[in-house]
Structures are given as C-alpha cells and as structure tokens.
Chemist: 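First, the structure itself, so that you have it in front of you.
All chains are named by letter (A, B, ...) in the order of the sequence lines, taking the proteins before the strands, and each is independently numbered beginning at 1.
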2 protein chains.
Amino acid sequence: MASENVEEVRNKQVIFRGYVSGSPEETDMEVRESTVTLGVPEGSGGVLVKNLYLSCDPYMRLRMRKLDLPSYRDSFEPGSPITGYGVARVLESGHPNFKKGDLVWGMTGWEQYSLITVPETCFKIEHSDVPLSYYIGLLGMPGMTAYAGFFEVCSPKKGETVFISAASGAVGQLVGQFAKLFGCYVVGSAGSKEKVDLLKNKFGFDNAFNYKEELDLDAALKRCFPKGIDIYFENVGGKMLNTVLLNMKLHGRIAVCGMISQYNLEQPEGVHNLMNLILKRVRMEGFLVTDYYHLYPKFLETVLPQIKEGKIEYVEDIAEGLEKGPAALVGLFSGRNVGKQVVVVS
Amino acid sequence: MASENVEEVRNKQVIFRGYVSGSPEETDMEVRESTVTLGVPEGSGGVLVKNLYLSCDPYMRLRMRKLDLPSYRDSFEPGSPITGYGVARVLESGHPNFKKGDLVWGMTGWEQYSLITVPETCFKIEHSDVPLSYYIGLLGMPGMTAYAGFFEVCSPKKGETVFISAASGAVGQLVGQFAKLFGCYVVGSAGSKEKVDLLKNKFGFDNAFNYKEELDLDAALKRCFPKGIDIYFENVGGKMLNTVLLNMKLHGRIAVCGMISQYNLEQPEGVHNLMNLILKRVRMEGFLVTDYYHLYPKFLETVLPQIKEGKIEYVEDIAEGLEKGPAALVGLFSGRNVGKQVVVVS
C-alpha cells in the first residue's frame, strides 16, 4: 500500500557525470547526497527499496556511452545515479508482487534508497539462507549468464574441452565449475598469479594460465589444448579471440558473453582469423542473459543444492560503502578485482 | 569389370606448379600433355572417367596453399593436376556402384581422363534432362551449398530480410532465389552493373547494389535495409562483413559460406565490429557443404521441378577447353566471371 504520511531522508547517490570515452575513471562519477521521500507515489505501481548490495559488471561500461540500441540496455543518464543490478529490501510497495520487508534483486540505482518504477524486472528472494550478495553474483545475473551461456548456447557434451577467458570473474568462475561438474576438461585464463591459483586450487579447473605472462598466446593454448578447443566461453575479445580461433576444433562453439578488453577502445581491435569459422565449421553466438530468465527457477533448483553441498565455490571482492563504488566499477577494466565485484551499501 | 587389354591415349592436363602466395596467376598452372592407360587396375575399385565439365570454385584458392587441415580439403599437389568438382562419363569401372556409360559428378582431375580412386565420393547422375553442367553448379556442390546454407544454417522465417554478398556467383544467385521463393525480402551485392542487373531482372532480387560504386557501404546497407538484416549469407568477408555486423537485427543469423575477398591475402583484414554479436544476439556459423550431402536426394526432389517450371534461373560463364581453365580459375578472384564459372573439357 502506498503511504500517505511520508518521511524525507538523506540519500547518498553515485551520480554519472557524462559520457565517457577511453578508460573510465573514478571522476566520471561523483558521490553526492540528496534527499528522498520514503514513499511510493499513489497509483504509480512502484516499489521503494533500501539498497543493500550493488553489482559492478563489465557491461556497465557500454552504458557509459551514448547508445542507440533499443534492444540492449539504455545508456546511463548524465546527472542521474548509475543504475545496475542490486539486492534490496522493500520499504514500501505499490505493486501487488511485493510487500514491505521483501528482499528482492534486480535493476536498482546506485544510492541508498531507490524508487523502482518497473518492479516486474525484479525477482523476489525466496531463499535467504545463503549470503544475500550472491543474488548479484552466483544466484543473480552473472550466475544465470554462466548457466544459460554454457548449457544453452555452448551445447556441451561430456568430455569436451572448454576454454574460458576472464575465468576468475563473476561469470567465468561459474562457467568453469559448471563445466567441470558436467564432465568437461576445463582451462581458464586470468591476469594474475593469484587468480590463476584460484582457478586451479579453489574452482578445480584442470589448468589455467596468466595471459599477461605468456609471450605467445597461441603456444599457451596449444600447450593446454594439444587437440584443440571444443567450447570457448568468450569474455574478453580482441587478441584472445583472434588466437582462440586458430585453436578451435571441428564443429566447435563460441559463446560470446562479453569482450571486456574492447570496451574502452574507440576503435575495437580487428579479428583476423574468422576464416577458421568456415574451415572448422564453428558456431559463434552472442547472447544476453535477459533472453534466458525464464530458466531462473530451474537454475535455482539446480544450483542451490550444489551450493549447500559445497560443490560450487564463489569468490567475491567486497567494496564497503557507496563511496567505494566508483573505484570498484573502474577497477573491473584493469582487472583489479579478484572474483565478483560487490559494493556493500549498508 | 576391369579390362585386361588396355589402350594408352594422350591426356591433356592442367598441372599445379607449386604453392601460391598473393593473387594466383595463370602461370601458377601449366597445361601439359601426358598419356593415360584407359583401364582400371585390377582390384583397385577405381573408376576411369572422361571428364566433360570442370568447376571453378573459390575454395580452390585455399588448396593452393600448404594446408594442415585434416578436416577440410587437402592442398593441391605440386606437379600433379588440379583437382575439383566435375561432370564425367564412366569409361571403365572397378566399382559396383558405377558401370560403363554412367554419368557422374564429384571430385575429379583437371584433365581429359581421370582415374577416380575413391568413387564413393561421386554421385551418379540420374536426371540428364537438364544441362549436364548444372551438376557442378545448380544441381551440384554450389546448389547444395546454397540450399543447406540457407535452409539449415540460416533458419529463415517468411518475411525476414536477407542480404547476400557475391550474390550473382554460383552459390549467391541460388540463395537469393531460394529466399525469394521462401518469402523473404532479398538484397544482393555484386561487383559490376551487369551483375546487379542480373540480380534485379533475372533472379528477382528485391534490390541490389554494386559494392565497388558505393562510397559508403554502411549507407548502402542502411538504404536497402532501413530496419536491419535478419540473415546475412556471407561469401566475401573483410570490409563487407565488418559493415554488415553494424546492420544486423536482433537475433540475426550469419551463415559463413566463404570469404573470397580474403583468400589472396597473407594477413586477412581485421573485423572490428564483432561486439554486435552480443549487442544484437547474433549467431554466426561457418559451414561446409560436405556435412549436408545426406540431404542431396531431398534437395533434388525440391529443385528439379522448380527448374522445369522455370521458377529457378541459373547463369553460367562457360570457358571452352582445358587450356582456358587456368584463366577461368584465376578470374574468380577478380570477379571476371558472370555467374557460375564452368570449364568445358570436351
């Protein structure tokens, strides 16, 4: 029910200052304090939430440009708070699906309190016996991305060879674990020794390498995949994709989830080896998690028990406080984070 | 039955001189005369044929390199005749599937007489009430490529928009006609006014343009596809692919059949716009006709009546005599041919 007597409180926000070219910097955002009315406008159907955790995801870089993609996400609005996935508690609801006290995850604002005007895009959290921050990671958009990307787009078969780039990231660490549980041979690349150790020792990858220390990426891939790659889960693009194309096996599949190495470039790098799509009859498919959310209940049913049985690990990198948000988001693009980057609001 | 008393005759051949880098030239081949024994070695299982028509196909450029692709075609053997698709008459058979007098199509040599040692790869021609040269074009490998590429790889739906590059070529002209008969909106690009006229007036494309005369390929595509492209049938690669990627519609499909613009380059051009695979959730799939020959009977059943009812046109560019073979093959790469390039042997 929408309230009549409403309270006004301070609302710390991370404001998007304007469209960004090149590498984003902390100064492209600004932490400001405004006020918010703790209520839902009569008849608006909105939901007022208190944000608990906010998610830093690579695709957010795309929204820092002027986008003309009605099919994708909108650009951030200069002068308004950053928006993204978050976990929140409902303070006031004008929508029948939600009531005060509910925990939800979905699109919200980078601020202490948000009025969510399209609450249909949020999921109610039914299982709160896991860390709530998982709902912007393992049990949220990145988890669904890994699940749908691997099982729906890659069409895996037991025993196949799987390569994952940005493999210790929010999505990559899960793709690798799903692939291992499914019975594949799994190799990941990452950008530091610490991350490579995680891949091998915590996530159970069969092999891993630090791409920054390999003078010859092609040699690294041939060392890990002497007979070639059946499935490539693409998170980085550019030179890595170009080199993977040389190492694909006949009838291989490439699920194109992201290309983080390209997001800060005005002119993306050229990929020269696409002829291999023909020579090896490879399928390369871009996908977006929003096309697969109908599988979310099935996903939870599969993954929740695996978490409780300790079959799936999840590593998060926690930034404490909205003030740390800009640095956390910007850090994604230099690989500063180890695991899923989370911002704790309160 | 293999014969015991065998005759020796002259055999004109087109010899592959050695691996080629850059643009192939006529002098990379040599027309020579050798002799051949008109018989099949006892117990060899081979078939001796008299070649009637030989096919010039873009993929043959790849075989002029040293290839290490067990999954694809072998390289040509320096000092031996060029090999490729042809239509031939059986003179002598050591194989139970074929008998003297049969007409066949399949892999043969660029010479007057060939001993086909793996006749299982040949098809017997059952319908000879169409031009026999069609069996290296409309009713042969290019026809099957167009059919499988369009119906199996592109997953077309009625009313979708289809773009075809190298659209007047052996494969492209058929993809366009199949797509029109299926109920799609079809646009093709080609490299001369004559070819563009063919597309519009003979093959019934909805629109066509000469890519050599468009200063701005992106503008040309936007003019023809104001709402974008559902299906791209890729024959050329490089700059065209790069520009098409900008114009794909949501959930579009790209069937990668060939990349003729890249075959003569030592370093293929870079494709920069692959991010659009994600933004538009596009599937891009390389294919090879050899994976689809099991559909050949169904293909014939569909296409033979369409030919007889005049619903499908096919334009061939005929070179008379083996001596013309090298120029005809080389001419593919500058677009000299108009329609399917055929070499008549006798």
Chemist: Is there side-chain contact between B:M284 and A:V256, with heavy atoms separated by less than 4.5 Å?
Modeler: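 In short, these two side chains do not touch, never coming nearer than 4.5 Å.
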Chemist: With a 4.5 Å heavy-atom cut-off, do A:L241 and B:L274 have their side chains touching?
Modeler: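 They are in side-chain contact.
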Chemist: Decide yes or no on side chain to side chain contact (heavy atoms under 4.5 Å, CB included) for A:R281 and B:V153, but give the supporting numbers first.
Modeler: CA-CA 11 Å; A:R281 291 99 110 180; B:V153 182; over 6 Å; no
Chemist: Of all the heavy-atom pairs spanning A:M259 and B:M275, show the shortest one and how long it is.
Modeler: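 Of all heavy-atom pairs spanning A:M259 and B:M275, the closest is CB-SD, 3.8 Å.
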Chemist: Distance check, rounded to the nearest 0.5 Å: B:D291 atom CG versus A:L250 atom CG?
Modeler: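 These two atoms lie 7.0 Å from each other.
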Chemist: Do you know which two heavy atoms are closest between A:R283 and B:R283, and how far apart they sit?
Modeler: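 Nearest pair, atom of A:R283 first, then B:R283: CD-CD, 3.6 Å.
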Chemist: Against chain A, label B:E234 side chain, backbone, both or neither, depending on which of its atoms sit under 4.5 Å from a heavy atom there.
Modeler: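 Neither; nothing under 4.5 Å.
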Chemist: I'd like to know which of B:L277, B:N273, B:V271, B:V282 tops the heavy-atom pair count under 4.5 Å against chain A.
Modeler: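 The residue among B:L277, B:N273, B:V271, B:V282 with the greatest pair count is B:V271.
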